[in-house]
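Treat the numbers as computed from the prediction; the structure is a model and nothing was measured. Counting convention: from 1, in listed order, for ligands and their atoms alike.
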Amino acid sequence: MDFLTLSPVPLPADLVKLRHEVRAFLHDEIAAGRITAHCDQWLAGWDPGFSRRLGSRGWIGMAFPERYGGSDRGALARFVVTEELLAAGAPVAAHWIADRQSGQALMNFGTEEQRRTFLPRIARGECYFAIGMSEPDTGSDLASVRTRATRVEGGWKLDGTKIWTSGAHHAHAMIALVRTAPRDENRHAGLTQVIVELPDPSVQVRPINLLTGEHHFNEVVFQDTFVPDSRVLGEPGAGWKQVTSELAHERSGPERILSTFPLLVEALRALADRGATVDRVRLGELVARLWSLRQMSLAVAGRLEHGRDPAVAAAIVKDLGTQFEGTLIDAVRLMVGVEPDLGSPHRLPRMMAEAILHSPGFTLRGGTNEILRGIVAKTLRVS
Ligand SMILES: Cc1cc2nc3c(=O)[nH]c(=O)nc-3n(C[C@H](O)[C@H](O)[C@H](O)COP(=O)(O)OP(=O)(O)OC[C@H]3O[C@@H](n4cnc5c(N)ncnc54)[C@H](O)[C@@H]3O)c2cc1C
């Protein structure tokens, strides 16, 4: 049952120092008015300048080798930095996907030319990626993607539609999962990952607004979109194996616990300002649950650091973590009695509204909780 083991991970002194450096940097950014805390900033906080400032400090691409512009400090260092950024509600969306998973996919499966083209720009916070997995009628059942790639001279032509594609309207590239061979009994065969560089006149990116009215995700339509052979990622036909390893990175991080954490901080600050007493039992339960999840999430980073498969452990933490993100909203509502208001000049009602209106996506994005439980159950059955 090694795949379920979540061993405690004590952080070494250099990472404690790193945490303090990140906190000091964030303190300065907030004090100077360059950034403002919001909930769910890893989806919604798009700030290229902030991404570049993080990149210049070596805090993007921390898991990439130095020869590709990274700092080669590994998964635990990345955990510490991302945890601090999320806890502060900092605007990290622009580089998030590229740093978390597309860069890793390029490291694992990319050619030398692809790595040298994209990774240094990702690490500088200047190159953003989108994930092209979901399609209309094909979210959970990823193997049934219908976007077709047809062989042509020098590459492939894509036709089809992706949906819920976060950040595609700003992204410099999307890694899309496409069908390069017809479906047969083996549903996982014939799939390939390709890098589609954006913008491209043959790719339509149409906005889909969130409940808040914000534009963060899209429908993306390929019509005779040419992808040269040099932009096939990994082996043609090996897309399923590659995409599932990418999903492990997508599901394993502290963002699956901390999307609403800034709301808790803001609520406690507001209560303290009012001189109000807090229901200590309720708060204690919340913090204990958060701390347990945080230790579990850190243990998943420990698995990544030591090259152990994180997929099943990440599925468990993501399921529990995203439920917690919603519970936190309910608990805060009971504690503070403030009316949510997206347009409020005050932080607490504004954050409350952000958290509530973003919350339907928490247990869906990156694979629904039912699907995650299916992964855990199947693994237990065969072990
Ligand atoms: C905020 C947000 C951002 C997103 N960003 C991206 C992105 O950048 N790129 C991308 O490719 N996708 C993205 N997605 C899409 C996301 O991955 C899908 O929504 C998700 O995989 C579910 O797919 P679906 O919406 O088609 O739901 P469906 O697959 O239709 O599922 C509907 C319901 O049925 C349940 N269900 C389905 N199959 C099973 C089963 N076998 N067993 C039990 N229950 C089942 C599901 O759990 C769910 O409750 C995003 C989604 C959100 C909410």
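- Any N or O atom pair closer than 3.5 Å counts here, and Ile97 shares no such pair with ligand 1.
- Per-atom contact check: atom 9 (N) of ligand 1 touches the protein, criterion being a heavy-atom distance below 4.0 Å.
- For the pair Val317/Ser252, no side-chain contact is recorded, criterion being any heavy-atom separation below 4.5 Å from C-beta on.
- With respect to Arg231 and Glu197, a salt bridge is recorded, a charged nitrogen being found less than 4.0 Å from a carboxylate O.
- Closest to atom 2 (C) of ligand 1 among all protein heavy atoms lies Phe217 CE2, 3.5 Å.
- In terms of protein heavy-atom proximity, atom 27 (O) of ligand 1 is nearest to Ser140 OG, 4.1 Å.
- Protein non-hydrogen atoms do not reach within 4.0 Å of atom 35 (C) of ligand 1.
- In terms of protein heavy-atom proximity, atom 53 (C) of ligand 1 is nearest to Gly361 CA, 3.7 Å.
- Looking at atom 20 (C) of ligand 1, its nearest protein heavy atom turns out to be Leu364 O, 3.6 Å.
- Ranking protein heavy atoms by distance to atom 25 (O) of ligand 1, first place goes to Trp164 NE1, 3.9 Å.
- There is a side-chain donor-acceptor pair under 3.5 Å between Glu354 and His38.
- Distances between N or O atoms of Leu43 and those of ligand 1 include no value under 3.5 Å.
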Quiz: residues 44-51 side-chain donor-acceptor pairs under 3.5 angstrom, not counting sequence neighbours:
{"residue": "Asp47", "atom": "OD1", "partner": "Gly49", "partner atom": "N", "Å": "3.2"}
{"residue": "Asp47", "atom": "OD1", "partner": "Phe50", "partner atom": "N", "Å": "3.0"}
{"residue": "Ser51", "atom": "OG", "partner": "His95", "partner atom": "ND1", "Å": "2.8"}

Which side-chain N or O atoms in residues 287-296 pair as donor and acceptor under 3.5 Å with protein atoms at least two apart or in another chain?
{"residue": "Ser292", "atom": "OG", "partner": "Ala288", "partner atom": "O", "Å": "2.8"}
{"residue": "Arg294", "atom": "NE", "partner": "Glu83", "partner atom": "OE2", "Å": "2.6"}
{"residue": "Arg294", "atom": "NH2", "partner": "Glu83", "partner atom": "OE1", "Å": "3.1"}

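- When non-hydrogen atoms are compared, ligand 1 lies under 4.0 Å from the side chain of Thr368 (C-beta onward) but not from its backbone.
- Contacts between Asp141 and ligand 1, counted as non-hydrogen atom pairs separated by less than 4.0 Å, are absent for every part of the residue.
- A 4.5 Å side-chain heavy-atom check between Arg52 and Glu126 finds at least one atom pair inside the cut-off.
- Every atom of ligand 1 with a heavy atom of Ile371 under 4.0 Å away is listed here by number and element: 38 (N), 39 (C), 40 (C), 41 (N).
- Between Asp14 and Arg19, no side-chain nitrogen of the basic residue sits less than 4.0 Å from a carboxylate oxygen of the acidic one, so the salt-bridge criterion is not met.
- From the protein, the heavy atom lying nearest to atom 49 (O) of ligand 1 is Glu370 OE1, 3.7 Å.
- Both cation-pi conditions hold for Arg151 and Trp156: the charged atom is under 6.0 angstrom from the six-membered ring centre and inside a 45 degree cone around its axis.
- In terms of protein heavy atoms, atom 11 (O) of ligand 1 is closest to Ser134 N, 2.7 Å.
- When distances from atom 30 (O) of ligand 1 to the protein are checked, no heavy atom turns up under 4.0 Å.
- When only modelled atom types and interatomic distance are considered, Thr82 and Glu255 share no side-chain donor-acceptor pair under 3.5 Å.
- Heavy atoms of Gly366 approach ligand 1 to within less than 4.0 angstrom.
- In the vicinity of Met133, heavy-atom distances shorter than 4.0 Å reach the ligand 1 atoms 11 (O).
- For the pair Arg365 and Asp40, the salt-bridge criterion is met [side-chain N within less than 4.0 Å of a carboxylate O].
- At a threshold of 4.0 Å, the pair Asp341-Arg350 does not count as salt-bridged, since none of the basic side-chain nitrogens sits closer than that to a carboxylate oxygen.
- Shortest contact from atom 3 (C) of ligand 1 to any protein heavy atom: Ser166 OG, 3.4 Å.
- Remark: among candidates His216, Met174, Arg365, Glu250, the nearest residue to atom 52 (C) of ligand 1 is Arg365, based on non-hydrogen atoms.
- Looking at Ser202 and Gln223, their side chains never bring a donor and an acceptor atom within 3.5 Å of each other.
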